[in-house]
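Here the structure is laid out as structure tokens; the discussion comes afterwards.
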Number of protein chains: 2
Amino acid sequence: MLIINKKGIILSHIKLLKNHELKATPQRLCILDTLDECGHATLEDIQKIISKKFPTLSLSTIYRNLNDMINQEIVSEVKLANKKDYFEIKKEKHVHLVCKKCGKIEDFKIKTDDLSKKIEELTGDKVLDDTITFDVICKDCLSPK
Amino acid sequence: MLIINKKGIILSHIKLLKNHELKATPQRLCILDTLDECGHATLEDIQKIISKKFPTLSLSTIYRNLNDMINQEIVSEVKLANKKDYFEIKKEKHVHLVCKKCGKIEDFKIKTDDLSKKIEELTGDKVLDDTITFDVICKDCLSPK
DNA sequence: CTATATGCAAATAGTTTGCACGGAT
DNA sequence: ATCCGTGCAAACTATTTGCATATAG
């Protein structure tokens with residue numbers, strides 16, 4: 001659920017920035033709103049959408065802020081084979097489902113512990129984290145209405 | 001096992017190229033040998049190593065050939081969070097284990113069908129493929145000799 | 001008020017392309 | 001003789017940086 005104030009600003013984003021030692025500037029809020037709107041957005045997407053909402057927001061500000069927010073772990077970069085890099089607001093751990101037909105990228109929450117455990121048993125390594133993407137044909141593309 | 005001829009060329013690479021409609025030029029063979037040597041190499045790695053073995057091999061040739069070999073599916077690009085892109089010679093399906101301590105990247109063969117099946121059951125999507133990376137502390141870093 | 005963020009322009013880095021030459025079939 | 005690959009330079013794209021000004025807290 002999103003709480004939005006009179007100016008159309010998503011309040012939780014202000015908190016999010018402040019909790020991570022970043023000032024809640026209109027530019028940063030605009031970038032976060034854009035990411036929220038898109039779910040996953042490339043730099044190009046962000047640039048295009050923002051230029052409408054906020055025409056003076058410069059490209060270097062987008063770069064600088066994405067990097068800052070990545071460093072503060074508010075935002076994460078999603079790298080997919082044969083695609084440009086995407087950005088998303090960091091949220092609960094999830095895997096990505098990329099439809100090879102329509103291109104849609106979906107998040108899906110699922111436990112991956114079984115696989116990590118198997119890796120640990122078989123290799124002797126300690127698993128810290130995983131990054132998992134499935135190429136799929138999504139439900140909608142399988143049986144269009 | 002690698003079969004190497006008198007000139008130090010890995011014979012299987014010649015076949016590999018010819019089977020994919022690419023001429024077996026010294027430049028391409030050199031790039032493949034370098035990838036073999038490294039397992040996983042960034043463009044920078046490739047450039048550095050190649051400039052010793054083959055000083056006249058130009059950067060545009062590296063780019064052009066990597067792209068050609070990716071298109072022919074001889075080589076694949078490995079995208080890892082917070083790292084430059086790596087290239088590897090395409091081989092049996094595997095996951096990547098990236099040690100967060102020493103940086104080493106290892107391939108590991110493991111069945112991932114259970115997870116794909118669960119995704120299919122829970123989402124209704126058809127899973128075609130998966131790309132999986134584990135961040136780990138590798139065995140060697142866990143208990144150095 | 002002060003430190004930080006922004007916009008702009010310039011600098012740097014990364015990648016692709018055009019073209020003339022050279023080598024393999 | 002023809003085709004394809006290469007090297008080099010130039011073009012193009014992507015990203016970062018320096019600096020003067022503006023703004024959040």
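In the text below, chain A, chain B and the rest are named by the order of the sequence lines, each starting its count at 1. What's counted below: heavy atoms across the whole structure, side chains too, no hydrogens, waters or symmetry copies.
Contact annotation: Thr25(A) side-chain N/O to dT6(C) OP1/OP2 distance is under 4.0 Å. Regarding contacts with the backbone of dT16(D), a side-chain N or O of Asn67(A) is found under 4.0 angstrom from either OP1 or OP2. Look at Gln27(A) and you'll find a side-chain N or O under 4.0 angstrom from OP1 or OP2 of dG7(C). Under 4.0 angstrom from either OP1 or OP2 of dG7(C) there lies at least one side-chain N or O belonging to Ser58(A). Using a 4.0 Å cut-off, some side-chain N or O of Tyr63(A) falls inside it from OP1 or OP2 of dT15(D).
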Carefully, step by step, assess Glu37(A) and Lys53(A) under the rule salt bridge (charged side-chain N to carboxylate O under 4.0 Å, His left out).
CA-CA 12 Å; Glu37(A) 190 183 319; Lys53(A) 295 193 210 172; 3.0 Å; yes
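Where Ala24(A) and Thr61(B) each meet DNA chain D at their nearest nucleotide, the meeting point lying more 5' is that of Thr61(B). Each of Phe54(B) and Glu44(A) was assigned the nucleotide of DNA chain D with the nearest heavy atom; the assignment lying further toward the 5' end belongs to Phe54(B).
Distance CD (Gln47(B)) to C1' (dT15(C)): 12 Å, rounded to an integer number of Å. Rounded to whole Å, the distance from CG on Leu17(A) to P on dT4(C) is 16 Å. Taking atom CG of Asp68(B) as the reference point, atom P of dC4(D) lies 12 Å away to the nearest angstrom. A straight line from CG of Leu43(A) to P of dG14(C) spans 17 Å, rounded to a whole angstrom. Distance Leu59(A) CG to dT17(D) P: 14 Å, rounded to the nearest Å. Rounded to whole Å, atom C1' of dC4(D) lies 11 Å from atom CG of Asn65(B). One can place CG of Leu29(A) at 14 Å from C1' of dT6(C), the figure rounded to the nearest angstrom. Rounded to whole Å, atom P of dG5(D) lies 14 Å from atom CG of Leu57(B).
Put simply, the side chain of Asp135(A) never gets that close to the backbone of Leu128(B): no donor and acceptor are under 3.5 Å apart.
Under a hydrophobic-cluster definition in which Ile, Leu, Val, Met, Phe, Trp and Tyr are linked whenever side-chain heavy atoms come within less than 4.5 Å, directly or via other members, Ile110(A) and Leu80(A) are assigned to different clusters. Note on Ile89(B): it does not cluster hydrophobically with Leu97(B), by side-chain heavy-atom contacts below 4.5 Å among ILVMFWY residues. Transitive grouping of hydrophobic side chains (ILVMFWY, heavy atoms separated by less than 4.5 Å) keeps Leu32(B) and Tyr86(B) in distinct clusters.
Here the rule is side chain to side chain donor-acceptor pair (under 3.5 Å) with Arg28(A), and of Asn65(A), Asp33(A), Thr61(A) only Asn65(A) fits it.
Closest to the side chain of Thr56(B), from the set dT6(C), dG7(D), dG14(C), is dG7(D).
Side-chain atoms of His96(A) and Glu88(A) form a donor-acceptor pair, as typed in the model, at a separation below 3.5 Å.
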Nucleotide N/O to protein N/O under 3.5 Å, stretch nucleotides 18-25 of chain C:
residue: dG18(C); atom: O6; partner: Arg64(B); partner atom: NH1; Å: 3.4

